[in-house]
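Reading through the C-alpha coordinates given below for one structure.
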Amino acid sequence: MRYKDHSVIVTGAARGIGAAIARSYAAEGARVILADLLVEQGERTADDIRSGGGQARFIACDVSREEQVVALIARTVEHYGAVDILINNAGIADPHQASFYDLTGDQWDRVMNTNAKGCFLTSREAAKIMRLNEQGGAIVHISSTRALMSEPHTEAYAASKGAIASLTHAMAVSLGPDGITVNCIYPGWIETGDYRELREIDHAQHPAGRVGKPEDIARACLYLTDSVNRFITGAGLVVDGGMTVKMIYEP
Ligand code: NDP
(Lines give C-alpha, C1' and ligand atoms only; values in the text may rest on other atoms or scores of the structure.)
Protein backbone atom coordinates (compact mmCIF):
# COMPACT_ATOMS: atom_id res chain seq x y z
CA MET A 1 0.00 0.00 0.00
CA ARG A 2 2.88 2.29 -0.96
CA TYR A 3 0.52 4.71 -2.71
CA LYS A 4 -2.33 4.72 -0.19
CA ASP A 5 -4.56 7.77 -0.75
CA HIS A 6 -2.35 9.18 -3.51
CA SER A 7 -4.36 10.67 -6.35
CA VAL A 8 -3.03 9.32 -9.65
CA ILE A 9 -4.08 10.19 -13.21
CA VAL A 10 -3.22 7.73 -15.98
CA THR A 11 -3.99 8.83 -19.54
CA GLY A 12 -4.80 6.26 -22.23
CA ALA A 13 -5.80 3.92 -19.40
CA ALA A 14 -8.77 2.15 -21.00
CA ARG A 15 -6.58 -0.67 -22.27
CA GLY A 16 -3.04 -1.84 -22.95
CA ILE A 17 -0.13 -0.43 -20.98
CA GLY A 18 -2.22 2.36 -19.43
CA ALA A 19 -4.74 -0.11 -17.99
CA ALA A 20 -1.90 -2.12 -16.41
CA ILE A 21 -0.42 1.06 -14.92
CA ALA A 22 -3.82 2.05 -13.49
CA ARG A 23 -4.30 -1.42 -11.98
CA SER A 24 -0.84 -1.36 -10.41
CA TYR A 25 -1.37 1.97 -8.65
CA ALA A 26 -4.83 0.89 -7.49
CA ALA A 27 -3.33 -2.33 -6.08
CA GLU A 28 -0.93 -0.14 -4.07
CA GLY A 29 -3.83 1.80 -2.52
CA ALA A 30 -3.96 4.80 -4.87
CA ARG A 31 -7.13 6.57 -6.01
CA VAL A 32 -6.83 6.36 -9.75
CA ILE A 33 -8.36 8.43 -12.53
CA LEU A 34 -8.41 6.64 -15.87
CA ALA A 35 -8.56 9.13 -18.75
CA ASP A 36 -9.13 7.98 -22.31
CA LEU A 37 -11.03 8.51 -25.54
CA LEU A 38 -12.53 5.01 -25.31
CA VAL A 39 -15.53 5.49 -23.04
CA GLU A 40 -16.98 1.96 -22.82
CA GLN A 41 -13.64 0.26 -22.41
CA GLY A 42 -12.47 2.90 -19.93
CA GLU A 43 -15.60 2.47 -17.80
CA ARG A 44 -15.12 -1.32 -17.94
CA THR A 45 -11.49 -1.12 -16.80
CA ALA A 46 -12.43 1.24 -13.95
CA ASP A 47 -15.31 -1.10 -12.94
CA ASP A 48 -12.95 -4.02 -12.96
CA ILE A 49 -10.49 -2.23 -10.68
CA ARG A 50 -13.33 -1.32 -8.28
CA SER A 51 -14.63 -4.89 -8.20
CA GLY A 52 -11.14 -6.00 -7.16
CA GLY A 53 -11.33 -3.58 -4.20
CA GLY A 54 -9.44 -0.68 -5.77
CA GLN A 55 -10.45 2.97 -6.10
CA ALA A 56 -10.88 4.10 -9.69
CA ARG A 57 -12.95 6.44 -11.83
CA PHE A 58 -13.07 6.88 -15.56
CA ILE A 59 -13.13 10.34 -17.14
CA ALA A 60 -13.49 10.72 -20.91
CA CYS A 61 -10.78 13.02 -22.22
CA ASP A 62 -8.98 13.74 -25.47
CA VAL A 63 -5.54 14.79 -24.23
CA SER A 64 -4.92 16.86 -27.36
CA ARG A 65 -7.87 19.15 -26.55
CA GLU A 66 -7.01 21.89 -24.10
CA GLU A 67 -10.52 22.44 -22.72
CA GLN A 68 -10.96 18.69 -22.07
CA VAL A 69 -7.64 18.53 -20.24
CA VAL A 70 -8.58 21.52 -18.07
CA ALA A 71 -11.87 19.73 -17.26
CA LEU A 72 -10.03 16.44 -16.50
CA ILE A 73 -7.85 18.07 -13.86
CA ALA A 74 -10.80 20.02 -12.37
CA ARG A 75 -12.87 16.83 -12.08
CA THR A 76 -9.94 14.92 -10.54
CA VAL A 77 -9.61 17.60 -7.86
CA GLU A 78 -13.38 17.50 -7.34
CA HIS A 79 -13.32 13.70 -6.83
CA TYR A 80 -10.04 13.15 -5.01
CA GLY A 81 -9.07 16.61 -3.71
CA ALA A 82 -5.56 16.62 -5.22
CA VAL A 83 -3.30 15.40 -8.00
CA ASP A 84 -0.15 13.67 -6.76
CA ILE A 85 1.00 11.65 -9.76
CA LEU A 86 0.44 11.95 -13.50
CA ILE A 87 1.33 9.18 -15.96
CA ASN A 88 1.23 10.48 -19.53
CA ASN A 89 0.63 7.24 -21.41
CA ALA A 90 -1.95 8.13 -24.10
CA GLY A 91 -0.42 7.87 -27.53
CA ILE A 92 -1.08 6.93 -31.14
CA ALA A 93 1.16 5.48 -33.82
CA ASP A 94 -1.24 5.97 -36.71
CA PRO A 95 -0.02 5.82 -39.41
CA HIS A 96 2.50 3.32 -38.04
CA GLN A 97 4.45 3.39 -41.26
CA ALA A 98 3.74 5.91 -44.01
CA SER A 99 6.19 6.64 -46.78
CA PHE A 100 8.15 9.75 -45.82
CA TYR A 101 7.23 11.17 -49.22
CA ASP A 102 3.49 10.65 -48.64
CA LEU A 103 3.16 11.59 -44.96
CA THR A 104 0.69 14.48 -44.86
CA GLY A 105 0.83 17.56 -42.68
CA ASP A 106 -2.49 16.55 -41.12
CA GLN A 107 -1.17 13.07 -40.21
CA TRP A 108 1.93 14.69 -38.71
CA ASP A 109 -0.19 17.15 -36.69
CA ARG A 110 -2.48 14.42 -35.34
CA VAL A 111 0.40 12.32 -34.00
CA MET A 112 2.25 15.33 -32.59
CA ASN A 113 -0.91 16.78 -31.05
CA THR A 114 -1.81 13.54 -29.25
CA ASN A 115 1.63 12.36 -28.22
CA ALA A 116 3.62 15.55 -27.60
CA LYS A 117 1.08 18.35 -27.10
CA GLY A 118 -1.07 15.98 -25.01
CA CYS A 119 1.82 15.43 -22.58
CA PHE A 120 2.42 19.16 -22.35
CA LEU A 121 -1.23 20.08 -21.71
CA THR A 122 -1.91 17.43 -19.06
CA SER A 123 1.40 18.19 -17.32
CA ARG A 124 0.82 21.94 -17.26
CA GLU A 125 -2.64 21.61 -15.77
CA ALA A 126 -1.69 18.85 -13.30
CA ALA A 127 1.45 20.69 -12.16
CA LYS A 128 -0.63 23.75 -11.23
CA ILE A 129 -2.32 21.52 -8.63
CA MET A 130 0.71 19.40 -7.65
CA ARG A 131 2.72 22.49 -6.68
CA LEU A 132 0.15 23.17 -3.94
CA ASN A 133 0.95 19.79 -2.32
CA GLU A 134 3.28 19.78 0.66
CA GLN A 135 4.98 16.66 -0.71
CA GLY A 136 5.09 17.90 -4.34
CA GLY A 137 4.28 15.57 -7.17
CA ALA A 138 5.63 13.22 -9.83
CA ILE A 139 5.10 13.07 -13.58
CA VAL A 140 6.13 10.22 -15.89
CA HIS A 141 5.91 10.49 -19.67
CA ILE A 142 5.72 7.30 -21.71
CA SER A 143 7.99 7.85 -24.70
CA SER A 144 9.35 4.93 -26.80
CA THR A 145 12.68 3.46 -27.83
CA ARG A 146 11.63 4.90 -31.20
CA ALA A 147 12.75 8.26 -29.77
CA LEU A 148 16.27 6.76 -29.92
CA MET A 149 16.23 4.51 -33.01
CA SER A 150 14.00 3.90 -36.03
CA GLU A 151 12.58 1.66 -38.69
CA PRO A 152 12.14 3.41 -42.07
CA HIS A 153 9.10 5.65 -42.61
CA THR A 154 8.11 6.24 -38.99
CA GLU A 155 8.95 9.97 -38.85
CA ALA A 156 5.84 11.36 -37.14
CA TYR A 157 5.82 8.83 -34.29
CA ALA A 158 9.61 9.00 -33.76
CA ALA A 159 9.57 12.81 -33.70
CA SER A 160 6.63 12.89 -31.26
CA LYS A 161 8.37 10.49 -28.88
CA GLY A 162 11.63 12.47 -29.18
CA ALA A 163 9.68 15.61 -28.28
CA ILE A 164 8.43 13.86 -25.13
CA ALA A 165 12.01 12.99 -24.16
CA SER A 166 13.08 16.65 -24.50
CA LEU A 167 9.98 17.85 -22.69
CA THR A 168 11.10 15.64 -19.80
CA HIS A 169 14.40 17.44 -19.17
CA ALA A 170 12.87 20.88 -19.78
CA MET A 171 10.04 20.24 -17.31
CA ALA A 172 12.34 18.61 -14.73
CA VAL A 173 14.34 21.85 -14.58
CA SER A 174 11.31 24.14 -14.53
CA LEU A 175 9.27 22.17 -11.98
CA GLY A 176 12.06 21.04 -9.62
CA PRO A 177 11.67 24.16 -7.42
CA ASP A 178 7.97 23.27 -7.03
CA GLY A 179 8.84 19.80 -5.72
CA ILE A 180 7.71 18.01 -8.87
CA THR A 181 9.85 15.27 -10.43
CA VAL A 182 9.57 14.59 -14.17
CA ASN A 183 10.89 11.43 -15.76
CA CYS A 184 10.35 9.47 -18.91
CA ILE A 185 10.20 5.79 -19.85
CA TYR A 186 11.29 4.44 -23.23
CA PRO A 187 9.41 1.15 -23.68
CA GLY A 188 10.55 -1.33 -26.31
CA TRP A 189 8.21 -4.05 -27.61
CA ILE A 190 5.46 -4.38 -25.02
CA GLU A 191 2.87 -6.95 -26.05
CA THR A 192 -0.66 -5.76 -25.30
CA GLY A 193 -2.37 -8.51 -27.32
CA ASP A 194 -2.32 -12.25 -26.70
CA TYR A 195 1.14 -12.96 -25.26
CA ARG A 196 0.72 -16.69 -25.95
CA GLU A 197 0.62 -16.03 -29.68
CA LEU A 198 4.18 -14.72 -29.74
CA ARG A 199 6.79 -16.85 -31.52
CA GLU A 200 9.97 -18.23 -29.99
CA ILE A 201 12.04 -15.88 -32.18
CA ASP A 202 10.09 -12.89 -30.81
CA HIS A 203 11.33 -13.72 -27.32
CA ALA A 204 14.77 -15.08 -28.24
CA GLN A 205 15.88 -11.90 -30.07
CA HIS A 206 15.70 -9.98 -26.77
CA PRO A 207 18.83 -10.08 -24.57
CA ALA A 208 16.40 -10.48 -21.64
CA GLY A 209 14.94 -13.58 -23.35
CA ARG A 210 11.37 -12.39 -23.66
CA VAL A 211 9.04 -9.76 -25.10
CA GLY A 212 7.88 -7.08 -22.65
CA LYS A 213 4.56 -7.04 -20.80
CA PRO A 214 2.48 -4.00 -19.73
CA GLU A 215 3.35 -4.81 -16.10
CA ASP A 216 7.05 -4.20 -16.89
CA ILE A 217 6.18 -0.57 -17.65
CA ALA A 218 3.82 -0.31 -14.67
CA ARG A 219 6.63 -1.39 -12.30
CA ALA A 220 8.94 1.23 -13.81
CA CYS A 221 6.29 3.90 -13.16
CA LEU A 222 5.89 2.78 -9.53
CA TYR A 223 9.66 3.06 -9.10
CA LEU A 224 9.99 6.52 -10.69
CA THR A 225 7.12 8.05 -8.70
CA ASP A 226 8.07 6.54 -5.33
CA SER A 227 8.73 9.34 -2.83
CA VAL A 228 11.97 7.64 -1.74
CA ASN A 229 13.26 8.16 -5.31
CA ARG A 230 12.75 11.92 -5.49
CA PHE A 231 16.43 12.42 -6.36
CA ILE A 232 15.61 10.91 -9.75
CA THR A 233 14.33 13.65 -12.05
CA GLY A 234 14.92 14.45 -15.71
CA ALA A 235 15.85 10.81 -16.27
CA GLY A 236 14.96 8.48 -19.13
CA LEU A 237 14.57 4.79 -18.31
CA VAL A 238 14.82 2.34 -21.21
CA VAL A 239 12.60 -0.72 -20.55
CA ASP A 240 13.12 -2.90 -23.61
CA GLY A 241 14.72 -6.20 -22.56
CA GLY A 242 18.06 -4.91 -23.87
CA MET A 243 17.05 -4.44 -27.53
CA THR A 244 18.46 -0.92 -28.00
CA VAL A 245 21.93 -1.91 -26.78
CA LYS A 246 22.13 -4.97 -29.02
CA MET A 247 24.33 -4.61 -32.12
CA ILE A 248 22.56 -5.87 -35.21
CA TYR A 249 25.18 -5.74 -37.98
CA GLU A 250 24.55 -8.60 -40.43
CA PRO A 251 27.23 -11.33 -40.07
P1 NDP B 1 -2.92 1.33 -26.98
O2 NDP B 1 -3.24 1.88 -28.32
O3 NDP B 1 -3.25 -0.10 -26.68
O4 NDP B 1 -3.58 2.23 -25.84
C5 NDP B 1 -3.47 3.62 -25.89
C6 NDP B 1 -4.75 4.20 -25.35
O7 NDP B 1 -4.65 5.65 -25.45
C8 NDP B 1 -5.99 3.78 -26.18
O9 NDP B 1 -7.06 3.46 -25.35
C10 NDP B 1 -6.25 5.03 -27.00
O11 NDP B 1 -7.58 5.16 -27.44
C12 NDP B 1 -5.86 6.12 -26.01
N13 NDP B 1 -5.70 7.40 -26.69
C14 NDP B 1 -5.26 7.62 -27.94
N15 NDP B 1 -5.32 8.93 -28.23
C16 NDP B 1 -5.83 9.53 -27.13
C17 NDP B 1 -6.16 10.88 -26.81
N18 NDP B 1 -6.00 11.87 -27.71
N19 NDP B 1 -6.66 11.16 -25.59
C20 NDP B 1 -6.85 10.17 -24.69
N21 NDP B 1 -6.58 8.88 -24.93
C22 NDP B 1 -6.07 8.57 -26.13
O23 NDP B 1 -1.35 1.60 -26.77
P24 NDP B 1 -0.28 0.84 -25.87
O25 NDP B 1 -0.87 0.41 -24.59
O26 NDP B 1 0.43 -0.12 -26.72
O27 NDP B 1 0.75 2.03 -25.62
C28 NDP B 1 0.62 2.97 -24.57
C29 NDP B 1 1.73 4.01 -24.69
O30 NDP B 1 2.99 3.37 -24.74
C31 NDP B 1 1.63 4.85 -25.97
O32 NDP B 1 2.04 6.16 -25.71
C33 NDP B 1 2.63 4.17 -26.89
O34 NDP B 1 3.13 5.05 -27.87
C35 NDP B 1 3.71 3.75 -25.90
N36 NDP B 1 4.52 2.67 -26.36
C37 NDP B 1 3.99 1.41 -26.58
C38 NDP B 1 4.80 0.37 -26.99
C39 NDP B 1 4.27 -1.01 -27.21
O40 NDP B 1 5.05 -1.87 -27.68
N41 NDP B 1 3.03 -1.33 -26.90
C42 NDP B 1 6.24 0.58 -27.24
C43 NDP B 1 6.68 1.92 -26.97
C44 NDP B 1 5.86 2.91 -26.54
P45 NDP B 1 -7.91 4.80 -29.00
O46 NDP B 1 -7.81 3.33 -29.11
O47 NDP B 1 -9.28 5.36 -29.22
O48 NDP B 1 -6.87 5.49 -29.84
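In listed order, ligands and their atoms are each counted from 1. Please read all numbers here as calculations on a predicted model, not as lab measurements.
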Evaluate the side-chain proximity of D48 to R23: yes if any heavy-atom separation is below 4.5 Å, no if none is. yes

Quick one, list the residues around ligand 1 where some non-hydrogen atom comes in under 4.0 Å, by chain and residue number. G12, R15, G16, I17, D36, L37, L38, C61, D62, V63, N89, A90, G91, I92, T114, I142, S143, S144, Y157, K161, P187, G188, W189, I190, T192

Quick one, H203 and L198 - any side-chain contact, counting heavy atoms below 4.5 Å? yes

What pairs of donor and acceptor atoms, side-chain ones from residues 242-251 against any protein atom, are under 3.5 angstrom apart with sequence neighbours left out?
unit_1, atom_1, unit_2, atom_2, d
T244, OG1, D240, OD2, 2.8
K246, NZ, Q205, O, 2.6

So, using side-chain hydrogen bond (donor to acceptor under 3.5 Å, both in side chains) as the criterion, who are the partners of D5 when residues are at least two apart? none

Linking Ile, Leu, Val, Met, Phe, Trp and Tyr by side-chain heavy atoms under 4.5 Å, what else ends up with Y157? none

Cationic tip of K161 within the cone over Y186's six-membered ring, i.e. under 6.0 Å and within 45° of the normal? no

